[in-house]
Amino acid sequence: MSRAALGYTVLIICGLIAPFVLYPIFLMQALCFALFACAFNLLIGYTGLLSFGHAAFLGMAGYMMGLAVKQWGLPPELGLLVGTGTAALLGYLIGSLAIRRQGIYFAMITLALAQMLYFFCLQAKFTGGEDGLQGVPRGHLFGFISLEDDRAMYYVVFAIFALGFWVIHRTIHSPFGQVLTAIRENEPRALSLGYDVDKYKLLAFVISAGLSGLAGSTKTLVLGFETLTDVHWHMSGEVVLMTLLGGMGTVLGPVVGAFIVKTLENRIGEFGQMLATYTGLEWFRTIGDSVTIVTGLIFVICVLAFRRGIVGEAMALLRKARA
Amino acid sequence: MAIFGVPLQAMFGQLLLGLVNGSFYAMLSLGLAVIFGLLNIINFTHGAVYMMGAYAAYILMTVLGIGYWPALVLAPLAVGIFGMVIERTMLRWLYKLDHLYGFLLTFGLTLVLEGLFRSVYGVSGQPYPVPDLLRGATDVGFMTLPNYRAWIVVASLSVCLITWYVIERTKLGAYLRAGTENPQLVQAFGINVPLMVTLTYGFGVALAAFAGVLAAPVIQVNPLMGSNLIIVVFAVVVIGGMGSILGSILTGLGLGIVEGLTKVYYPEASSTVVFVIMAIVLMVRPAGLFGREK
């Protein structure tokens, strides 16, 4: 058994016993965000495209999934399909506009187009505006597996995550993925070697958007609601943070980053209390209300001093130890 | 009298509002373009420093009792110095890296600044009074013109044009343009390029803070006023391209007016029209209206 296969086996076993140890709802949420971050990483880490509008795919898929299940009465598996399909289609539209410009313009365009969708969701009837889309039923998967039980739901989410992760893993390690890496390293050279760079970029964008949509619609299925938070630009920033913190261009980095950021967001109030007790500074007690300050600081620290991220640094250390 | 069923008065009113918004777009996109030219960084913090400018004016008034006119100078100065500190301590380390790191760093800073102001002042807006001199409105025949809004347009256009003159027509501007083209060579001629970079960043930031002070009396001063604006300004920058200074000013004003007109004829689309125009420009002329991209 190779070292990588061994590692993945251990991870799968951990994933299977996790709901007996940790709170399943938290785990499911974290897994959805982990898939979201992995999908995002396919662009930033392996194609060199910084999309700052990925919230659009997460959120729109969530809304469409909710709509399909709640209003149209579709079963959950078809709802997930509707959500994923919507995100992929949206990815095709946004992607084909955004790849017309390179570099930092790409980030600005995706950000602007995602903001347009945010305003659309704010005004449209079916999203429920500020109230959000509430009361999405979990239903029965394939008509006979009840998802009302959190454990059953967890294993479905885990399977979805594993499927998405496998798709990304296959994409990265395929000849197609090699071309993407070539584009990231040197776009003019890839072009001069005869690769239709735009087509490759667009396909990568659509795959990434579709998987983000899968993550978003799964999240709606788990939580039973979808709100504007998921289409807001803060969410686009959050997925960048998860990927940056975990390690851009590493396979497991985004998963690590997503779990850390989600844990932090859930526990930051308690952490602030603790700091206040130890340091005697009362201000720390308010930190729970302003998560953005902490996420912003992590952003700044990562960019200034920690650009390889946690998994990236760990791998660099391993390599040094071996050499 | 009416145009397509809209009374002329209402029409001119919305046009003026559009022009006011356009002035803000123009000032912010101008600052972004100047900073990008020399530092190669898209300054996401631009919205946050605009917000800080408004808060600086608010704090000057409520804490120190300093009124609007001194604040118009002091607030941009203070925020500009803050910007220069940021440049010296943080941005400096990123110049050799990919553009995206500068974008991400300034994004993180934006979150921190917004969070800090929100934890101190809350999310609700703070009122800032219109200065006595500019209260009321003037009847100019075809419409009643609110004095303060007219002042915003005049003040910001003057600042934009002065900036254009300094950069395109003076020796200082020539150094700046040369630094944008080839910093190593300019450095070799004995010009202190790092200092120039710091000052440029400070100037761009001060320009945004100036816009913030101008905006304070017409909108409620609140921590999120900047980030809502900056994303539209990004779209403006994509539409105009960052190649030309006059181009940035014209694009900003023009889009403000288009937005104002949309508010008259199809209000539902007024928040998205700039993004739609961006999409169309990307299809027809990807480099932007005034762009000089390779």
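Below, chain A is the first sequence line, B the second, and so on; all start at residue 1. This structure is a prediction, so every number in the text was calculated from the model and none was measured.
Here the rule is side chain to side chain contact (heavy atoms under 4.5 Å, CB included) with B/Val238, and of B/Val233, B/Leu282, B/Val274 only B/Leu282 fits it.
Nearest heavy atoms, A/Gly253 versus A/Val311: CA-CG2, 3.5 Å.
There is no contact between B/Ile41 and chain A, counting heavy-atom distances below 4.5 Å. Contact of A/Leu297 with chain B is made through backbone and side chain together, with heavy-atom distances under 4.5 Å. At a 4.5 Å heavy-atom cutoff, the contact between B/Ser271 and chain A is made by backbone and side-chain atoms alike. For A/Phe52, the part lying near chain B is the side chain, with the backbone staying farther off; criterion is any non-hydrogen pair under 4.5 Å. At a 4.5 Å heavy-atom cutoff, the contact between A/Val300 and chain B is made by backbone and side-chain atoms alike. Only the side chain of B/Phe107 comes within less than 4.5 Å of a heavy atom in chain A; its backbone stays farther off. At a 4.5 Å heavy-atom cutoff, the contact between B/Leu104 and chain A is made by backbone and side-chain atoms alike. Only the side chain of A/Ile44 comes within contact range of chain B, judged by heavy atoms closer than 4.5 Å. Of the atoms belonging to B/Met90, heavy atoms from both backbone and side chain fall under 4.5 Å from chain A.
The candidate with the highest count of non-hydrogen atom pairs below 4.5 Å against chain B, out of A/Gln115, A/Arg307, A/Gln123, is A/Arg307. Ranking A/Leu111, A/Thr295, A/Ile104, A/Ile94 against chain B, the residue ahead of the rest is A/Ile104, based on heavy-atom pairs under 4.5 Å. Between chain A and the residues B/Ala269, B/Ala235, B/Gly288, B/Ser227, the most heavy-atom pairs under 4.5 angstrom are made by B/Ser227. The choice from B/Ile42, B/Ile231, B/Val112, B/Val276 that makes the most heavy-atom pairs within less than 4.5 Å of chain A is B/Ile231.
Neither side chain, A/His232 nor A/Thr229, offers a donor N or O lying under 3.5 Å from an acceptor on the other. Between the side chains of A/Tyr63 and A/Glu226, no donor N or O sits under 3.5 Å from an acceptor N or O. For B/Glu87 and B/Thr198, the side-chain atoms include at least one donor-acceptor pair closer than 3.5 Å. In the model, B/Tyr55 has no side-chain atom that pairs as donor or acceptor with a side-chain atom of B/Gln126 under 3.5 Å.
Using a 4.5 Å heavy-atom cutoff, the side chains of B/Leu113 and B/Phe82 are in contact.
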> Please walk me through it: do A/Thr47 and A/Arg184 pass side chain to side chain contact (heavy atoms under 4.5 Å, CB included)?
Replying inline: CA-CA 5 Å; A/Thr47 324; A/Arg184 180 191 71 188; 5.6 Å; no
> What's the verdict on side chain to side chain contact (heavy atoms under 4.5 Å, CB included) for B/His46 and B/Ile35, showing C-alpha distance, side-chain angles and the deciding distance?
Replying inline: CA-CA 10 Å; B/His46 227 63; B/Ile35 290 173; 3.8 Å; yes
